[in-house]
There are 2 protein chains.
Amino acid sequence: MAYRKTDKVTARLADTRRSILDAARDLVAEGGFAAVQMTEVAKKAGVATGTLYRYFSSKEALCRQVFREVSAREMGMLAEIASGDEAAGERLVQVLRTFAGRAVRGRRLAYALLAEPLDVNLAEERAFFRRTHADIFARILEDGIDNGELPLIDVRIAAACIAGAIPTALIGPLAPESHELDSNPDRTVEEIVNFCLAGVGVARAGSKTKNMERRTTA
Amino acid sequence: MAYRKTDKVTARLADTRRSILDAARDLVAEGGFAAVQMTEVAKKAGVATGTLYRYFSSKEALCRQVFREVSAREMGMLAEIASGDEAAGERLVQVLRTFAGRAVRGRRLAYALLAEPLDVNLAEERAFFRRTHADIFARILEDGIDNGELPLIDVRIAAACIAGAIPTALIGPLAPESHELDSNPDRTVEEIVNFCLAGVGVARAGSKTKNMERRTTA
DNA sequence: ACAAGAAATGAACCACGGTTCACGGGCAGG
DNA sequence: CCTGCCCGTGAACCGTGGTTCATTTCTTGT
């Protein structure tokens with residue numbers, strides 16, 4: 001017997017691992033997963049490319065880990081709100097606002113998590129992420145239906161609609177221009193949230209029509 | 001002077017071009033754009049790989065053309081409905097049903113057009129496609145608002161929400177399992193359409209609640 | 001039939017970026 | 001101090017798949 005890892009070494013190893021993950025995360029935040037190249041990660045983390053492979057078996061493994069860490073944070077916030085004890089409608093509003101609000105503000109990262117073209121391996125990770133979102137929405141909707149706050153709808157489908165509408169309207173080609181968003185993110189968020197709330201049948205204030213009397217549809 | 005393209009040749013060239021495009025389209029319909037490899041296209045079209053480059057300057061150019069042709073068909077149908085002279089609410093219902101209905105039935109192709117991870121070049125093409133969708137929706141919404149059928153909302157945002165909700169709820173990881181969809185596609189389509197209609201404030205029948213009296217929200 | 005030019009061919013080429021591996025340096029234990 | 005082991009290194013390697021190009025095959029007009 002001639003070698004046994006000492007605590008100091010273990011700590012250093014953990015540090016290096018961390019710095020690799022951080023480097024990768026930074027690259028994602030800057031340019032999406034497409035910008036993650038092993039040589040770049042290594043450079044940024046201050047290690048050699050070969051070293052990366054002492055900590056992660058492949059690029060895929062590294063990216064998966066990054067995706068998990070980043071998305072776990074987001075899901076955690078939503079889950080916490082969802083498990084609160086306010087009325088379903090209220091929790092719904094809060095969850096939607098949080099989701100949309102964080103997405104507008106961390107747009108590049110949100111893009112990477114939700115909309116960026118990824119290859120299949122990471123797409124799996126994203127699928128899990130989005131399913132979790134949908135589950136959170138669905139859970140709240142169920143509560144609302146159970147106690148009569150919301151009309152009877154298919155919660156899975158409604159949840160999927162919400163999970164699709166929000167990112168689409170906020171990031172990617174259908175989103176308002178960045179400068180528009182930056183100038184007044186909250187108004188956009190509010191409009192989207194309203195759409196989703198109306199979609200699931202939450203009655204809300206302020207449905208003015210252009211002409212004061214409403215014509216009937218044919 | 002010793003050579004001048006004759007009509008027969010021109011026709012043959014057009015044929016070859018067509019068969020290349022068809023081959024590529026078939027591959028897309030089977031396995032998405034990811035499945036398009038130049039050697040495969042050539043094999044399927046019955047030509048040599050080099051020949052492909054006499055008709056298309058690059059793989060990208062070929063794929064773009066395929067994307068355009070396929071998406072043009074879809075947009076055409078929607079545009080036609082949109083330009084009809086029924087009431088806005090009615091046109092909206094029809095457009096949404098058509099969009100969603102075609103997506104469920106041609107799921108693989110819809111996936112390629114709307115959800116498949118693509119590289120940036122093709123993503124551009126997709127962006128155009130989706131923007132066009134959104135524009136069609138927005139136009140109808142505007143009509144509806146102008147004549148008082150619909151409440152005042154931001155039509156661009158609502159359109160983006162719709163354009164996000166429908167594909168997300170129908171294809172990809174948040175969609176119901178394929179066998180579920182196949183067994184009763186219309187119910188799912190209807191549910192999604194209802195969500196979107198409600199989202200933009202179209203009053204619709206059948207909003208039962210679970211308990212007959214509705215509790216008021218806090 | 002023949003020359004001139006276009007079209008088709010497909011094996012070879014090349015770029016790209018993830019992965020490997022033989023080596024040098026330091027840390028633990030005797 | 002010395003042995004053994006592990007960590008770190010980074011240039012070289014390699015698989016993949018799009019692209020090229022010298023050659024062959026067809027087409028046209030004389």
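All chains are named by letter (A, B, ...) in the order of the sequence lines, taking the proteins before the strands, and each is independently numbered beginning at 1. As the structure is a prediction and not an experimental result, all values here were calculated from the model.
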**Prompt:** Which nucleotide in the set D/dT9, D/dT19, C/dG18 lies at the smallest distance from any side-chain heavy atom of B/M38?
**Reply:** D/dT19
**Asked** Between C/dT19 atom P and A/E60 atom CD, what is the distance in whole Å?
**Response** 9 Å
**Item:** Side chain A/T98, main chain A/Q94, donor-acceptor under 3.5 Å
**Value:** yes
**B/F56 side, atom CZ; B/L21 side, atom CG - distance, nearest 0.5 Å** = 3.5 Å
**Asked** Any salt bridge between B/D119 and B/K59, counting N to O under 4.0 Å?
**Response** no
**Message:** Under 4.0 Å, heavy atoms only, any strand: does B/V36 hit a base, just the sugar-phosphate, or nothing?
**Reply:** sugar-phosphate
**Request:** For A/S58, answer base if it contacts any base atom (sugar-phosphate contacts may also be present), sugar-phosphate if it contacts only those atoms, and nothing otherwise; contact means non-hydrogen atoms under 4.0 Å.
**Result:** sugar-phosphate
**Message:** In whole Å, I'd like the distance from the CG atom of A/D15 to the P atom of D/dC7.
**Reply:** 15 Å
**Request:** Select one nucleotide: of C/dA8, D/dG8, D/dT19, the one nearest the side-chain heavy atoms of A/T51.
**Result:** D/dG8
**Fill in**
Judged by nearest nucleotide, the residue sitting upstream toward the 5' end of DNA chain C, B/Y55 or A/T49, is B/Y55
**Request:** Write down the distance between CZ (B/F56) and P (D/dT20), rounded to a whole number of angstrom.
**Result:** 16 Å
**Message:** Between C1' on D/dG17 and CZ on B/F33, what's the gap in Å once rounded to a whole number?
**Reply:** 18 Å
**Prompt:** C/dG17 P sits how many Å from A/K59 NZ, rounded?
**Reply:** 9 Å
**Prompt:** In Å, rounded to the nearest 0.5 Å, how long is the span from CG of B/D186 to CG of B/L181?
**Reply:** 10.5 Å
**Request:** Provide, to the nearest angstrom, the distance between the CZ atom belonging to B/R54 and the P atom belonging to C/dA6.
**Result:** 10 Å
**Prompt:** Are the side chain of A/R64 and the backbone of A/E125 linked by a donor-acceptor contact shorter than 3.5 Å?
**Reply:** no
**Message:** Let's see if you can work this out: which of C/dG10, D/dT9, D/dG18 has an atom nearest to the side-chain heavy atoms of B/Q37?
**Reply:** D/dG18
**Prompt:** For DNA chain D, whose closest nucleotide is more 5', that of B/R12 or that of A/L13?
**Reply:** A/L13
**Prompt:** What integer distance in Å separates A/R17:CZ from D/dG8:P?
**Reply:** 13 Å
**Request:** Whole angstrom is fine here: how far is it from OH in B/Y53 over to C1' in D/dT20?
**Result:** 9 Å
